[in-house]
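Throughout, residue positions are numbered sequentially from 1 according to the sequence presented. In what follows, every heavy atom counts, from backbone to side chain, and hydrogens, waters and symmetry copies are set aside.
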Amino acid sequence: MTLSRPLPLFFRFIGGMIVATVVGLIAFMVIMNPPMKELGLMALFLAITALISIGASYVAYRLRWIQRSPRIKWTIIGSYALSSLLTFLNVWFTAQLMFASSHDLLLAIVLLVFAGCIAWAFAYFFSEALTTRLTNVCLTAESIARGDLTARASTDGSDEVAELARTFNQMAAQLESAAKQQRELEEMRRDLIAWVSHDLRTPLTSVRAMVEALADGMVDDPATTQRYLRTAKRDIASLSILIDDLFQMAQIDAGGLKLNRAPTSLSDLISDAIESFSERAKQHGVAVNGSAANNLDVADIDAQLIARVIANLVDNAIRHTPHGGSVSVIATRSQDGVTVEVRDTGEGLKSEDLLYVFDQFYRGEKSRSRATGGAGLGLAIAKGIIEAHGGKIGVENLDRGARFFFTIPT
């Protein structure tokens, strides 16, 4: 459907003047029932007034007086003054013909002057109210330009100025949100450099010291040599895991994580995870068990990635569960698909950690000791994998321990 373009403003004004002239003549005929001579004179006077109005408006339109006016208030008052003047002239000329006495003519002039003054007073009142609201929007814009992104304009009313204020406030809110995100990204960038440097430097320093000791012949005991090599191998494995995590996190952030979906049994994934962590759990004195509901459907997922999510959650649960505790992996059918939860009987999470536990490089333990966890990417990667599957992941504290859970649609 094509929309017709509206006529230019000046031509719409001419149409309005023609309509006003015709309506005035019809009203004169119906109310006064004048003879043709008076009707002709009235038509002449109305036409002259209309032509004067059109001429004055054309001059103002061509000279762009409205755009040149320094204040909207002056523009509104000027338009009222011009309208009052044209009304006075029209009625005065008509009254000279219609009124029988000079007394009536003078009375009409007095009433017209009074009406004109009232019109100017109204013009000042309405223009002041309008310009005050526009000034409020302007001052708010100046505040935002000076850096106060919390400034907001008043949105009183329901006209175009109020709509302008509401739209302006929406823009200001978006600017404030963008500035906040920029600050968070900058802070995250600084933390990223610091954390990666810490997590890379520690194992590298250890490997370098042991390799230099072996290369310089400072260690000649075979048992010590083997211990150094085992430690170096473990640190190199930690570095490899960290680099792989960084690469996968970069893929997730860039939206380039590819899913190799296939029909997969979540029960098998849970069993494999429990089996792979059984030895480690035994060393920590933690019991690991799992269960899956009988009505679980085969899910169309990337088995390798979902297995990593379960492994990350189980690893995190074992690490924070004391000796004698337990970790449970439970899969159930839910309204949104399949829900997998990992429960532990550990110390739970601090309230301030619940909102940030899935953030990149976030660690509740601020010293970032290697004994208490990895680089802080495991849960962030788990969140990225679940969201790539169209699911949701979350955490909550229990009366004893914590519950991590994710839901993926089937």
> What are the two closest heavy atoms between Ile270 and Ala331, and how far apart are they?
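So the two residues come closest at CD1-CB, 3.5 Å.
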> Has the side chain of Asn169 got a donor or acceptor atom that lies under 3.5 Å from a matching backbone atom of Ala153?
yes
> Can you tell me how far CG of Leu229 sits from OG1 of Thr225, rounded to the nearest 0.5 angstrom?
6.5 Å
> What are the two closest non-hydrogen atoms of Thr345 and Ser326, and how far apart are they?
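Scanning both residues completely, I find the closest heavy atoms to be OG1-N, 2.9 Å.
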> In Å, rounded to the nearest 0.5 Å, how long is the span from NE2 of His389 to CG of Leu305?
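If I round to the nearest 0.5 Å, the distance is 6.0 Å.
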> First locate atom CG of Asp272, then atom OG of Ser276, and finally report the distance between them rounded to the nearest 0.5 Å.
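Rounded to the nearest 0.5 Å, the CG-OG separation comes to 7.5 Å.
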> Using a 4.5 Å cut-off on heavy atoms from C-beta on, say whether the side chain of Phe406 contacts that of Leu313.
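Yes, close enough: below the 4.5 Å cut-off.
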> For Ser334 and Val338, which heavy atoms make the closest approach, and how far apart are they?
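Taking every non-hydrogen atom into account, OG-N, 3.9 Å.
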> Considering only NZ, NE, NH1 and NH2 on the basic side and carboxylate oxygens on the acidic side, decide whether Glu279 and Lys282 come within less than 4.0 Å.
no
> Given Arg230, which partner from the list Arg234, Lys233, Gln226 fulfils the side chain to side chain contact (heavy atoms under 4.5 Å, CB included) test?
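Answer to the side chain to side chain contact (heavy atoms under 4.5 Å, CB included) test with Arg230 among Arg234, Lys233, Gln226: Gln226.
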> Between Ser154 and Asn136, is a side-chain hydrogen bond (donor to acceptor under 3.5 Å, both in side chains) present by the stated rule, with each step listed?
CA-CA 7 Å; Ser154 175; Asn136 174 259; 4.9 Å; no
> Kindly say whether Ser328 contributes a backbone atom to a donor-acceptor pair with the side chain of Arg343 at under 3.5 angstrom?
no
> Minimum heavy-atom separation for Ala292 and Ser267, please, with both atom names.
CB-OG, 3.2 Å
> Is any side-chain heavy atom of Leu204 closer than 4.5 Å to one of Arg208?
no
> Between Asn397 (side chain) and Gly348 (backbone), is there a donor-acceptor pair under 3.5 Å?
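Flag not set: sc Asn397 to bb Gly348 has no pair under 3.5 Å.
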> Ignoring hydrogens, what is the shortest heavy-atom contact between Pro409 and Gly390? Give both atom names and the distance.
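Between these two residues, the closest heavy atoms are CD-O, 3.7 Å.
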> Going by heavy atoms in the side chains, are Ile306 and Thr264 under 4.5 Å from each other?
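No. Closest side-chain heavy atoms not under 4.5 Å.
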> Working note: Ile393 + Glu387, criterion side chain to side chain contact (heavy atoms under 4.5 Å, CB included); need CA distance, chi angles, decisive distance, verdict.
CA-CA 8 Å; Ile393 191 169; Glu387 290 180 347; 5.5 Å; no
> Please report the interatomic distance OG(Ser206) to CG(Leu239), rounded to the nearest 0.5 Å.
9.5 Å
> Near Glu160 CD, under 6.0 Å, is it more than 12 heavy atoms from other residues, nucleotides or ligands?
no
> Looking only at atom types and distance, does a side-chain atom of Arg133 sit under 3.5 Å from a main-chain N or O of Asp156, one as donor and one as acceptor?
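Judged by distance alone, yes, a pair lies under 3.5 Å.
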> Would you check if the side chain of Ser240 reaches a backbone N or O of Ile236 as a donor-acceptor pair within less than 3.5 Å?
no
> Answer yes or no: is there an ion pair linking Lys180 with Glu176, defined by an N-O contact shorter than 4.0 Å?
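Salt bridge: no.
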> Between atom CD1 of Ile408 and atom CG of Leu266, what is the distance when rounded to the nearest 0.5 Å?
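Between atom CD1 of Ile408 and atom CG of Leu266 there are 5.0 Å.
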> Are more than 12 heavy atoms from other residues, nucleotides or ligands located less than 6.0 Å from atom CZ of Arg400?
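12 or below, so no.
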> Roughly how far, to the nearest 0.5 Å, is the OG1 atom of Thr321 from the CG atom of Asp344?
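Between Asp344 CG and Thr321 OG1, I get 4.0 Å after rounding to 0.5 Å.
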> Can you find a side-chain donor-acceptor pair between Thr332 and Thr339 that sits under 3.5 Å?
no
> Of the non-hydrogen atoms in Asp300 and Pro263, which two are nearest, and what is the gap between them?
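Shortest heavy-atom contact: OD1-N, 3.9 Å.
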> Taking Thr167 for its side chain and Ala165 for its backbone only, find out whether a donor-acceptor pair lies under 3.5 Å.
no
> Could you walk me through whether Thr231 and Asp235 pass the side chain to side chain contact (heavy atoms under 4.5 Å, CB included) test, one step at a time?
CA-CA 6 Å; Thr231 303; Asp235 289 339; 3.9 Å; yes
> Do Arg403's NZ or CZ and the ring of Phe405 fall within the cation-pi criteria of under 6.0 Å and 45°?
yes
> Step by step, work out the side chain to side chain contact (heavy atoms under 4.5 Å, CB included) result for Leu269 and Ile301.
CA-CA 11 Å; Leu269 294 182; Ile301 58 176; 4.0 Å; yes
> How about Met29: does its CE atom have over 12 heavy atoms from other parts shown lying under 6.0 Å from it?
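No.
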> Return yes when atom CD of Glu275 has more than 12 non-hydrogen atoms of other residues, nucleotides or ligands closer than 6.0 Å, and no otherwise.
no
> Verify side chain to side chain contact (heavy atoms under 4.5 Å, CB included) between Leu349 and Phe404, making sure each step is shown before the conclusion.
CA-CA 11 Å; Leu349 284 83; Phe404 285 83; 4.2 Å; yes
> Would the number of heavy atoms belonging to other residues, nucleotides or ligands and lying under 6.0 Å from CZ of Arg280 be above 12?
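Counting neighbours around CZ of Arg280, more than 12 heavy atoms of other residues, nucleotides or ligands fall under 6.0 Å, so yes.
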